Every structure is written in C-alpha cells, then in structure tokens.
2 protein chains.
Amino acid sequence: MTVSEPTPVPDRSAEPAAAAEYALHAAEERFIEGMGLALEEDRLPRIAGRLVGLLIVSPRPQRFDHLAERLRVSRGSISTNTRLLENMGVIERVTRPGDRRDYFQINEQPGLLQRVADRFRDRQAMAEEMKQALAPGADGGDVVGDRLDGLIRFYAILADSLNSMLAAIEEAGGNSRSGAP
Amino acid sequence: MTVSEPTPVPDRSAEPAAAAEYALHAAEERFIEGMGLALEEDRLPRIAGRLVGLLIVSPRPQRFDHLAERLRVSRGSISTNTRLLENMGVIERVTRPGDRRDYFQINEQPGLLQRVADRFRDRQAMAEEMKQALAPGADGGDVVGDRLDGLIRFYAILADSLNSMLAAIEEAGGNSRSGAP
DNA sequence: CGGTTTGTTTTGTCAAGACTGAACAAGGTG
DNA sequence: CACCTTGTTCAGTCTTGACAAAACAAACCG
C-alpha cells in the first residue's frame with residue numbers, strides 16, 4: 001500500500017514544536033489515501049474510500065462542506081458519495097438542533113462487512129448449482145467435481161468467517177465497532 | 001449472482017433424450033458467466049473470469065483456439081488473458097509432444113488466494129501505521145484508536161483465515177485443489 | 001418578497017480499460 | 001521457397017464511470 005506524499009509538503013524545519021503534529025497529519029493523509037485505494041478495489045469510487053478513511057480518523061462528526069474542502073473535491077461529489085455510503089450503511093448522517101447543516105460519522109453498524117459476506121455467499125451458491133448440475137460419477141475420478149468442492153469450501157469459509165465476525169461484533173455491543181471495510 | 005440465459009436457446013422439446021445434456025450445458029454457461037462477473041469484481045477482465053470458469057469445468061486441458069470459439073471472443077483476447085492468468089499463477093499452459101498448439105488448464109497452485117491474502121495484509125499494515133502515528137491516550141475515550149483496532153482485527157482475521165486455508169490446501173497434497181478465485 | 005446558505009441533480013468532459021481486427025512474427029510443411 | 005498454422009502485439013473503437021461545474025431546489029433570513 002504505497003501512497004504518494006500530499007502535494008504541498010510544508011517546510012517544518014522552522015517550527016520544531018509542530019513536528020509531532022505534522023507527523024500525525026502526514027499519517028492521516030496516507031491513511032485516507034490508502035483507504036481511497038483500498039475501497040476502490042472493492043468497486044467503490046475513490047472519493048467514497050477517502051471519505052470513509054477521513055471519518056474513521058475523525059473523533060467527531062464532520063460537516064458536509066468541511067469534507068469537500070478537506071478532500072479538495074466538489075460538493076457534488078461529496079453529496080453523491082455520502083449518499084452512496086449512507087445507503088450502504090457505512091456512514092451516517094447526523095444533524096444537530098438549530099443547525100441547518102449535515103454532519104457525517106462512520107456508522108457503527110458494519111454495513112460493508114455484511115455486503116462482502118453476501119457476495120461470497122452468492123458465489124458459493126453459484127458453484128453449488130454447477131456441482132448439482134454435474135451429476136454424480138462423471139469422467140474418471142471426477143476432477144471437475146473435486147474442483148467445485150474446493151471452490152465451494154473456499155467461498156463458504158470466507159463467508160463464514162465474515163459472518164462469525166459480524167456476530168462477534170454484534171454481541172460485543174456498543175464498543176469498538178467500525179464500518180469494517 | 002444473476003446471469004442471463006445464453007442468447008440462442010435451442011428448442012429441446014424435440015429431443016427428450018438430450019434434456020440432461022442440455023441442462024448441464026445451460027448450467028455450465030451460467031457458471032462461466034457467473035465466474036466472469038465474479039472475477040470482474042476482483043478487478044480482472046471479464047474474459048479472464050470466463051476463462052477460469054470454463055477451465056474449472058473442463059476435465060481436460062483446452063486448446064487455445066477452442067477457447068476462442070467457445071467463448072466467442074477474439075484470439076487476441078484469449079492470448080492477452082491467458083497470459084495474464086498464467087502470470088498470476090491461476091492457469092497453466094501445457095503442451096504435448098508433436099503438437100504445435102497450446103493447451104490450458106487451471107493451475108493447482110492457488111495463486112489468486114495468495115494474492116487476496118496479501119492485499120488484506122497490506123490494508124492491515126496501513127491501519128496499523130495509522131494507529132502508531134496516533135499516539136496513545138488522545139481525545140476522550142480514544143474513539144479513533146478503538147476504531148482502528150477494530151479495522152486491524154478485521155483485516156487480520158481475513159488474512160489469517162485465508163492463510164490457514166492456503167496452508168490446509170498445501171498440506172492436503174495433490175488432491176482437490178483449485179485456483180480458488 | 002429578494003437574497004443567502006446548504007445540499008442535490010444534471011450535464012459534459014475526461015481517462016481507463018476491455019475488446020476487436022489487422023498486422024505481425026515464428027515455426028512447420030508441402 | 002510459397003504457404004499454412006498458431007499465437008502475439010498493436011492501433012483503434014467503444015463503454016464505463018468518476019468527477020467538476022453549473023443549474024437547480026429548498027429552507028431560512030432579512
């Protein structure tokens with residue numbers, strides 16, 4: 001996971017007191033970009049990934065327009081991607097009385113996790129259907145049947161470990177949960 | 001995983017004897033298309049996925065040109081995608097003495113699996129790096145730290161179960177192994 | 001009511017990547 | 001040697017999707 005340095009690297013040699021501060025910021029930047037790439041591999045827009053990253057490292061809900069300027073993207077993109085993540089259950093839109101603006105935080109319900117688990121289940125089902133149609137003792141030694149069994153087991157294990165993880169999180173109650181992308 | 005029926009659906013009412021045969025073929029078609037979509041989600045070209053699907057359900061190595069006509073795709077695409085999968089260790093190119101043509105079969109070494117596991121490890125490392133940079137007792141209750149811990153655990157578990165699976169396969173020796181995409 | 005803030009939707013541009021078809025290379029074979 | 005066969009590579013087309021910018025809607029404020 002390699003992420004290039006954020007474009008303008010401020011000269012920090014002048015203010016040694018801010019060194020730790022700076023290191024944190026750089027790490028954050030890297031993490032956010034990393035999440036952008038990571039979630040992009042899961043077929044989400046890069047901005048959505050960055051949003052998740054930013055919200056993970058944000059202790060408090062973030063304002064809509066703040067997201068736009070922090071990530072340096074258009075408000076339109078924020079709107080689209082927040083809604084996307086909202087529908088997926090990954091982030092949550094929160095409001096405050098007497099405040100017209102929207103805030104966002106990562107949702108404690110692990111939406112993405114469920115999603116991924118379901119995908120594995122689908123693939124497992126697909127392999128099982130194929131196995132079904134194959135009829136029992138076919139060609140010598142039934143190579144194909146064995147392969148399909150392997151595939152089925154593969155997807156099953158992945159889906160299972162995700163599901164048991166989900167259950168564990170659910171059971172653990174309100175603490176230390178994440179959107180787990 | 002929904003896959004539309006292959007374009008020309010032959011009328012099988014006339015030859016009842018071929019019904020089972022037909023059912024198998026239809027299931028194969030569905031499986032192949034399904035693998036196309038499934039591997040596409042893993043950032044591989046659709047044709048590569050179909051190739052994997054086809055080779056999984058093929059008891060014997062398949063000829064290069066046969067692949068092209070079976071999937072109704074140009075030879076160029078077959079060439080590109082077979083090489084891609086070959087480099088990934090997912091399929092294997094085999095030849096026969098006195099035969100100038102190339103044959104392909106799915107490789108027994110689970111290349112894709114390793115790949116996926118590595119990806120999870122990378123993400124785990126990313127989250128750990130962020131956690132490092134965060135310094136210990138930060139904001140009240142350290143929400144962010146807890147979230148990162150959850151994330152780290154998440155990726156770790158996935159990578160671990162994949163790795164233990166890989167080990168199990170390795171140990172099981174020569175039987176019932178698959179490219180496990 | 002006009003004007004402002006906040007967020008959404010739409011429109012257009014751009015880039016990435018998949019795929020085809022044709023040109024190409026490298027071996028066989030008559 | 002001319003001519004297949006087999007596979008690779010290259011150039012061009014097409015599709016997809018992300019994104020920005022602008023138009024838009026809605027709520028609020030004066």
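Labels below follow one simple rule: chain letters A, B, ... track the order of the sequence lines, proteins then strands, and each chain is numbered from 1. Quick caveat: nothing in here was measured; it's all calculated off a predicted structure.
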In whole angstroms, how far is the C1' atom of C/dT20 from the CD1 atom of B/Ile78? 12 Å

Calculate, to the nearest 0.5 Å, the distance between atoms OG and CD1 belonging to B/Ser74 and B/Ile47 respectively. 6.5 Å

Sequence-aligned protein contact record of nucleotides 15-30 of chain D, with B where the base is within under 4.0 Å of a protein heavy atom and S where only the sugar-phosphate is: ---SSB------BS--

Report the relative orientation of the aromatic rings in A/Tyr155 and A/Phe120; use parallel for angles under 30°, tilted for 30 to 60°, perpendicular for over 60°. parallel

How many whole angstroms separate atom CZ of B/Arg96 from atom P of C/dG28? 18 Å

Separation of C/dT5 C1' from A/Asp99 CG (nearest whole Å): 11 Å

Under-4.0 Å side-chain N/O to phosphate OP1/OP2 contact, A/Arg83 with C/dG7: no

With sequence neighbours excluded, what pairs up with A/Gln124 under the side-chain hydrogen bond (donor to acceptor under 3.5 Å, both in side chains) test? A/Arg121, A/Glu128

Can you name the residues that form a side-chain hydrogen bond (donor to acceptor under 3.5 Å, both in side chains) with B/Arg93, not counting sequence neighbours? B/Glu86, B/Asp102

Can you check the A/Leu84 CG to C/dT9 C1' distance for me, whole Å? 15 Å

To the nearest angstrom, the CZ-P distance between B/Arg63 and D/dT5 comes to 12 Å

Has A/Arg93 got a side-chain N or O lying under 4.0 Å from the OP1 or OP2 atom of C/dT6? no

Rounded distance in Å - CD (B/Glu69) to P (D/dT6): 11 Å

Does anything in residues 43-58 of chain B form a side chain to side chain donor-acceptor pair (under 3.5 Å)? List the pairs, not counting sequence neighbours. B/Glu33-B/Arg50, B/Glu40-B/Arg46

State which residues pass side-chain contact (heavy atoms from CB on, under 4.5 Å) with B/Asn87; sequence neighbours excluded, sorted by chain then number. B/Arg83

Within 45° cone of A/Tyr103 ring axis and under 6.0 Å: A/Arg96 NZ or CZ: yes

Mind grabbing the angle between the end helix axes of the helix from C/dC1-D/dG30 to C/dG30-D/dC1? Five pairs an end, 10° rounding. 20°

Would you kindly give the CG-to-C1' distance between A/Leu67 and C/dG7, to the nearest whole Å? 12 Å

Identify the two heavy atoms, one from B/Leu39 and one from B/Gly49, that lie closest to each other, and give their separation to 0.1 Å. CB-CA, 3.7 Å

Just wondering, do B/Arg123 and B/Leu158 contact through their side chains at under 4.5 Å, heavy atoms? no

Separation of atom CZ in B/Phe64 from atom P in D/dT9, rounded to whole Å: 11 Å

